[in-house]
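Following: one structure in structure tokens, then a few remarks.
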Amino acid sequence: ETGVTQTPRHLVMGMTNKKSLKCEQHLGHNAMYWYKQSAKKPLELMFVYSLEERVENNSVPSRFSPECPNSSHLFLHLHTLQPEDSALYLCASSLRRDYDEKLFFGSGTQLSVL
Amino acid sequence: GNSVTQMEGPVTLSEEAFLTINCTYTATGYPSLFWYVQYPGEGLQLLLKATKADDKGSNKGFEATYRKETTSFHLEKGSVQVSDSAVYFCALNQAGTALIFGKGTTLSVSS
């Protein structure tokens with residue numbers, strides 16, 4: 001148990017659906033991250049939030065929309081996704097947005113887009 | 001740009017065998033280096049790290065030494081167990097940049 005909880009664990013959605021992924025941490029961390037994990041590819045950093053402010057957005061398509069209402073919660077809103085967006089989406093947190101800090105990962109949401 | 005290259009998997013070993021998973025990196029300056037492990041159905045966990053040349057990171061019987069001259073950070077364990085079966089990720093970062101991960105190497109240990 002890493003202290004980072006993601007829901008749902010599995011999600012199947014059609015290309016016209018709208019859904020949201022949720023991430024929660026009560027570790028007192030100030031930085032939160034979304035990563036995409038696809039088979040046979042390196043983990044891709046999607047978004048970074050520090051103290052609830054988005055500080056990094058790595059050319060992610062606008063069909064992915066993050067939200068960080070407070071330092072304990074992070075959402076990823078999904079709409080009009082494509083089949084190639086099927087992947088494991090991992091949330092992580094760290095004490096600060098100093099990249100030498102240890103990252104704590106959730107178990108991920110396995111997303112399938114039909 | 002910065003990058004991490006790991007050996008292709010899967011790596012299949014018998015219990016108590018010696019493990020090496022190769023990792024090399026490309027970076028300017030002096031990055032910090034990490035190994036993360038992902039057990040089935042779980043997120044990644046930090047396994048060990050090294051922040052400067054010749055540092056050795058170690059944890060749970062795993063070791064890796066930061067070799068600047070060969071730009072490598074190979075993961076080793078003297079005697080693997082079935083419970084070590086997982087995906088192992090090498091990663092690096094430099095100040096002001098996000099962690100850069102390799103593609104991951106799957107280890108399967110049989111009894």
Side-chain angles (χ1 to χ4, degrees), chain A residues 1-10 21-25 27 29 31-50 54-60 74 87-111, chain B residues 1-11 21 23-52 55 57-60 66 73 86-106:
Chain A
E1 184 58 50
T2 63
V4 179
T5 304
Q6 288 187 244
T7 53
R9 291 295 301 270
H10 302 274
L21 310 185
K22 179 181 177 181
C23 176
E24 186 172 355
Q25 59 90 7
L27 300 170
H29 290 172
M32 297 187 77
Y33 313 77
W34 280 116
Y35 282 87
K36 177 182 178 182
Q37 184 178 12
S38 304
K40 301 195 184 303
K41 294 176 66 175
L43 263 71
E44 301 172 48
L45 178 65
M46 300 175 72
F47 301 104
V48 181
Y49 276 82
S50 177
R54 190 190 312 179
V55 296
E56 196 161 338
N57 173 351
N58 286 352
S59 303
V60 179
L74 184 66
L88 181 67
Y89 288 84
L90 292 167
C91 173
S93 70
S94 64
L95 185 59
R96 297 183 302 266
R97 191 204 140 214
D98 173 338
Y99 292 110
D100 235 21
E101 289 287 337
K102 174 181 175 181
L103 291 184
F104 291 73
F105 282 84
S107 300
T109 295
Q110 186 67 53
L111 174 67
Chain B
N2 297 344
S3 66
V4 174
T5 303
Q6 290 181 236
M7 62 187 289
E8 292 281 336
V11 174
I21 299 178
C23 172
T24 57
Y25 67 90
T26 301
T28 56
Y30 305 96
S32 294
L33 301 173
F34 306 80
W35 277 100
Y36 277 78
V37 58
Q38 184 179 30
Y39 297 104
E42 299 183 14
L44 281 71
Q45 305 173 30
L46 179 65
L47 181 59
L48 52 85
K49 66 183 275 188
T51 58
K52 62 183 188 293
D55 266 4
S58 61
N59 186 24
K60 300 182 181 179
Y66 189 142
F73 193 55
V87 183
Y88 293 82
F89 292 87
C90 187
L92 71 81
N93 88 300
Q94 292 183 279
T97 65
L99 272 178
I100 295 172
F101 287 89
K103 293 183 179 181
T105 301
T106 299

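Since we're looking at a predicted model, the values are computed, not measured. Reminder, nothing fancy here: chain letters follow the sequence lines and each chain counts from 1.
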Item to complete: With a 4.5 angstrom heavy-atom cut-off, could you sort out which part of A:Leu43 is near chain B: side chain, backbone, both or neither?
Response: both

Fill in: Heavy-atom proximity to chain B below 4.5 Å, by part of A:Gln37
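The answer is the side chain of A:Gln37.
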
Worksheet item: Using the ring of each side chain (for Trp, its six-membered ring), is B:Phe101 parallel, tilted or perpendicular to A:Phe105, with breaks at 30° and 60°?
Response: perpendicular

Discussion item. Less than 4.5 Å apart, side chain to side chain, heavy atoms only: is that true for A:Leu103 and B:Leu44?
Written reply: no

Practice prompt. Give, as side chain, backbone, both or neither, the part of B:Tyr39 having an atom under 4.5 angstrom from any heavy atom of chain A.
Written response: neither

Item to complete: Identify which part of B:Gln6 has an atom lying under 4.5 Å from any heavy atom of chain A, answering side chain, backbone, both or neither.
Response: neither

Worksheet item: Between B:Phe73 and B:Trp35, which heavy-atom pair has the shortest distance, and what is it?
Response: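 Closest pair (atom of B:Phe73, atom of B:Trp35, distance): O-NE1, 2.8 Å.
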
Worksheet item: Backbone N or O of B:Gly57 within a donor-acceptor pair of the B:Tyr66 side chain at under 3.5 Å?
Response: no

